[in-house]
Visitor: 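Please find one structure pasted underneath; my questions will follow.
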Amino acid sequence: MHTHTLQLLSWLFAVASSTNTTPAPTSTTTAAPAAFTYNSTSFLLHGEPYTIIGGQMDPQRVPYQYWRDRLSKARAMGLNTIFTYVYWNLLEPQQGDWMLDDPQNDIAEFYKISQEEGLHVVLRPGPYICGEREWGGFPYWLSTITNLTVRTYNEGYLNYSKIYLEKLASKLAPQQVTQGGPLLMVQVENEYGSYGSNHDYTSTLRDILRQIYDVPLYTNDGTENFTLSGGSVPGVLAEIDGGPTYGFPARDEYITDPSQLGPLLDGEYYTLAPDNWGANVPHQTTVGNPSYVDGFVSDINFVLNASNSISLYMFHGGTNFGLSNGAIWQNYTKVYTTSYDYGAPLDESGRTTDLYFALRNVIQQYVANGSIPEPPANLPLASILKIKLSPMASLFDLGEPTKSSTWPVTMEELGQAYGLTLYEHKVEEDLEGLLLPGDRARDRVLVYVNGKKIGAVDSTYIYPQNLTLTVSSGDKLQLLVENLGRVDYYSPPSHTYNSLLDPYKGILTNVTIGDTILSGWDMYSLPLEKLPIPAENITKEDSPIYYSGYFHVQGRKGNDTRHLDTFINIPNGVKGIVWVNGFMLGRYWIIGPQQSMYLPGTVLKPGVMNEIVVLELEPTNSTMIAQGQAERIWGNFPDPDYS
Ligand SMILES: *[C@@H]1O[C@H](CO)[C@@H](O)[C@H](O)[C@H]1NC(C)=O
Ligand SMILES: *[C@@H]1O[C@H](CO)[C@@H](O)[C@H](O)[C@H]1NC(C)=O
Ligand SMILES: *[C@@H]1O[C@H](CO)[C@@H](O)[C@H](O)[C@H]1NC(C)=O
Ligand SMILES: *[C@@H]1O[C@H](CO)[C@@H](O)[C@H](O)[C@H]1NC(C)=O
Ligand SMILES: *[C@@H]1O[C@H](CO)[C@@H](O)[C@H](O)[C@H]1NC(C)=O
Ligand SMILES: *[C@@H]1O[C@H](CO)[C@@H](O)[C@H](O)[C@H]1NC(C)=O
Ligand SMILES: *[C@@H]1O[C@H](CO)[C@@H](O)[C@H](O)[C@H]1NC(C)=O
Ligand SMILES: *[C@@H]1O[C@H](CO)[C@@H](O)[C@H](O)[C@H]1NC(C)=O
Ligand SMILES: *[C@@H]1O[C@H](CO)[C@@H](O)[C@H](O)[C@H]1NC(C)=O
Ligand SMILES: *[C@@H]1O[C@H](CO)[C@@H](O)[C@H](O)[C@H]1NC(C)=O
Ligand SMILES: *[C@@H]1O[C@H](CO)[C@@H](O)[C@H](O)[C@H]1NC(C)=O
Ligand SMILES: *[C@@H]1O[C@H](CO)[C@@H](O)[C@H](O)[C@H]1NC(C)=O
């Protein structure tokens, strides 16, 4: 242990109430078997061998009213354990502003329901979780704190991480198996070896977690030597993700510290992959790809036949509701869709799929006959015929600017987490040349001159569109910048640029036309947290327009209060955002592959008018409609803004 670790620990733990220093589980015998522990080859639950047949499902991606339905289907597929990431940015969206009482953030309730459904759980609290989520689960405000660096041995970062982990533990520690709950294990960081190798950092996280939990800790890393060496932590069980046939031997080859060894768990066995926006990016699915399923069946057999453990990532993906998706940095910003269907056994809307039954058949060969319940039937989906949408307000009906300054500032400097920022400049001289909205504005810039849309400069392309502008003194130049999701992952060392340390959105550097730097900017934060007040008349031009429409849904028969789910699509829409009854579903974008948005019945109100609001960022002249469909659509179309 380094000297500065000792210094940091002394203040990190000064305020801790407990001095519990539970050692890593060992094979030493004790009078009563520990609730959950392991020896060199087996997990042991109350002294009996326990093979983890797990699957991932994150509570914050699934409407909480549906948790029980999804969990009962997990049990009915043969799973015995649910792996859960927790997203810090939803628990603490603004610094010190805790949302622990939001039922959607009530992870303890999720764990209680898991237990009632016959499942154990594993907690993966991060603080960084990757997960194709906004900035890997970090709240945006961490980026505004001076001298704070994430994912390393940094005082400010560890301070805030400790507060977060303790707040979460105040809810979840009573759910541990040692206290009669379902929680078996807690993960330290997340695939940290793919990012770094600062063991002072990960050891500090380990010690924070040891103070608040008494179940075993584990790490989970890719199967290279550098990922396992970088990510494993002394005294913490080291596990792998990816393919088990090469991953298990890699764990045993590269992990040599006995305090990190134990039974084998493939902590993320990928049952397919998430979708990215892109005109040429098809939806990930096993439908029509039987070889994928054959591969899954063979790998699961390989793991379970040897009595090793596995967690399917994902069992059920769910939805990046609102603006909560992340992105990957690959010399351009590769953005995840609102849907996190993942091609998983339980689809985005919680329906069992052919893949579900294929995997259930494999698992059934390894558990006692009759011990897996029958899967509940899928509820039907509703169709809502065309809903006419009428213009409601213009996005460019602006009040006072949030800030005015000589040079543009980032979204974060405006105190803004998500959404859009409008940068407005009054042209002072006649200019002609290439418009550069700063060096790779983040992420997608719609360009207007005197209210007319000129084009889009979009950082989701490795080569964004080049826009040449001719403007005259007195013209109004507007740059509407959309945050498409902060980067949650890039892979060093192949990408040397550390995009996790650079999560800023909006315009980061000076805007130029040709060689001229434009000075004098009014900036308007448009976080889209509230719906607009309907306007008397709507400024047309090319401003993004809010549309609204109303529809009825049928209640269900008798005392069944569940409402039917549907899939919303906006047939004439180009790119925008949809709310139903004030709940932000997420984004649509004509390029696909996502063409419809999951509308959970939990949002609907039978017997009264339901309101749908659509913010279309690039209104065309067509009539806007929304429709609810029982069958969802995937597909791709060319990007009208990129030729
Ligand atoms: C670990 O536990 C399993 C299950 O009880 C047992 O079969 C095995 O022999 C134990 N291994 C060691 C090294 O104690
Ligand atoms: C940030 O770090 C620098 C260099 O260590 C130090 O001089 C400065 O006081 C720090 N600022 C804050 C606000 O902690
Ligand atoms: C971290 O927390 C400690 C203890 O509360 C405090 O003394 C210290 O100033 C904090 N440091 C930073 C950088 O926030
Ligand atoms: C793995 O990497 C470590 C650290 O670089 C090195 O000491 C070790 O020899 C490597 N192991 C193998 C099996 O290559
Ligand atoms: C399971 O393992 C045994 C050896 O332990 C082997 O004979 C058998 O073929 C394996 N079955 C599968 C499906 O891999
Ligand atoms: C990203 O850019 C760097 C520097 O131009 C280059 O070396 C690297 O190969 C690029 N990576 C990808 C994935 O395009
Ligand atoms: C379940 O029952 C079938 C048919 O009776 C039998 O072949 C199979 O071995 C049993 N599986 C287990 C795990 O006991
Ligand atoms: C924009 O111009 C650069 C530099 O000439 C070029 O590399 C890039 O391909 C152009 N982008 C498009 C979309 O044509
Ligand atoms: C913008 O340009 C001004 C004038 O050249 C310069 O002082 C300033 O540092 C630039 N800002 C950025 C972020 O590059
Ligand atoms: C539209 O609204 C503006 C104020 O927002 C008002 O000045 C204007 O007269 C209105 N036009 C019509 C045709 O009602
Ligand atoms: C709903 O009504 C049925 C009979 O119609 C009854 O069996 C059932 O218990 C009721 N469920 C609830 C939750 O009240
Ligand atoms: C929009 O539609 C109207 C009615 O069909 C038509 O008169 C008008 O020219 C269209 N405008 C554009 C810009 O296409």
Side-chain angles (χ1 to χ4, degrees), residues 2-19 88 92 94-98 127-128 138-170 198 200-209 211-212 402-416 421 423-429 431 433-443 445 457 459 477 479 481 483 497 499 501-523:
H2 296 84
T3 319
H4 60 277
T5 308
L6 289 171
Q7 282 165 1
L8 180 56
L9 290 178
S10 66
W11 57 253
L12 264 181
F13 295 121
V15 289
S17 54
S18 146
T19 50
W88 178 4
E92 194 184 9
Q94 296 291 344
Q95 186 188 339
D97 215 346
W98 291 94
Y128 164 87
F138 286 138
Y140 92 100
W141 54 263
L142 287 177
S143 73
T144 66
I145 291 173
T146 312
N147 288 350
L148 188 148
T149 309
V150 296
R151 299 194 85 186
T152 194
Y153 188 79
N154 171 276
E155 184 175 323
Y157 167 65
L158 283 167
N159 268 9
Y160 290 112
S161 296
K162 181 167 187 271
I163 295 168
Y164 154 67
L165 291 169
E166 288 180 347
K167 283 270 183 196
L168 183 62
S170 71
N198 186 331
D200 289 341
Y201 162 50
T202 45
S203 304
T204 305
L205 284 183
R206 172 200 63 200
D207 293 341
I208 293 171
L209 291 169
Q211 291 235 337
I212 51 189
T402 311
K403 186 181 170 84
S404 300
S405 62
T406 309
W407 314 116
V409 304
T410 62
M411 258 189 199
E412 290 76 9
E413 282 174 272
L414 297 172
Q416 187 185 345
T421 304
Y423 295 80
E424 201 170 277
H425 167 78
K426 183 79 89 186
V427 178
E428 284 161 357
E429 55 180 316
L431 293 171
L434 184 69
L435 168 78
L436 276 184
D439 180 20
R440 274 206 179 262
R442 319 251 176 97
D443 298 288
V445 186
V457 180
S459 295
L477 173 68
L479 305 175
V481 188
N483 166 359
Y497 167 62
S499 51
L501 297 185
D502 186 9
Y504 305 100
K505 291 295 184 184
I507 291 180
L508 279 78
T509 57
N510 281 323
V511 179
T512 51
I513 295 180
D515 293 332
T516 306
I517 300 179
L518 306 184
S519 66
W521 291 91
D522 288 334
M523 286 153 288

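Any value given below was found using the heavy atoms of this structure, including those in side chains, with hydrogens, waters and symmetry copies removed. What you are looking at is a predicted structure, and each value in this text was computed from that prediction instead of being measured. Just follow the structure's listing: the first ligand is 1, and inside any ligand the first atom is 1.
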Visitor: Could you report the tightest heavy-atom contact between Asp522 and Ser404, atom names first, then the distance?
Guide: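 Shortest heavy-atom contact: OD1-OG, 2.7 Å.
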
Visitor: Distance under 4.0 Å to a non-hydrogen atom of Ile517: what atoms of ligand 9 satisfy this?
Guide: 2 (O), 5 (O)

Visitor: May I ask you to check whether Gln95 and Tyr160 show a side-chain donor-acceptor distance below 3.5 Å?
Guide: yes

Visitor: Quick one: which ligand 9 atoms are inside 4.0 Å of a heavy atom on Asn510?
Guide: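 Under 4.0 Å from Asn510, ligand 9 has these atoms: 1 (C), 2 (O), 3 (C), 8 (C), 10 (C), 11 (N), 12 (C), 14 (O).
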
Visitor: Does the protein put a heavy atom less than 4.0 Å from atom 5 (O) of ligand 2?
Guide: no

Visitor: Any idea which protein heavy atom is nearest atom 3 (C) of ligand 9, and the distance to it?
Guide: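 Checked against all protein heavy atoms, atom 3 (C) of ligand 9 sits closest to Trp407 CZ2, 3.3 Å.
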
Visitor: With a 6.0 Å cut-off (strictly less than), is the heavy-atom count around CG of Asp515, excluding the residue itself, greater than 12?
Guide: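 No, not enclosed.
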
Visitor: Return the residue, atom name and 0.1 Å-rounded distance of the protein heavy atom closest to atom 2 (O) of ligand 2.
Guide: Asn147 ND2, 2.2 Å

Visitor: Can you check whether Tyr128 and Tyr157 have ring centres sitting under 6.0 Å from each other?
Guide: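 Centroid distance Tyr128-Tyr157: not below 6.0 Å, so no.
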
Visitor: Grab the two heavy atoms, one from Glu412 and one from Tyr140, that are nearest each other, plus how far apart they are.
Guide: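 Closest approach of Glu412 to Tyr140, heavy atoms only: CG-CD1, 4.0 Å.
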
Visitor: Measuring to protein heavy atoms, does anything land under 4.0 Å from atom 9 (O) of ligand 2?
Guide: no

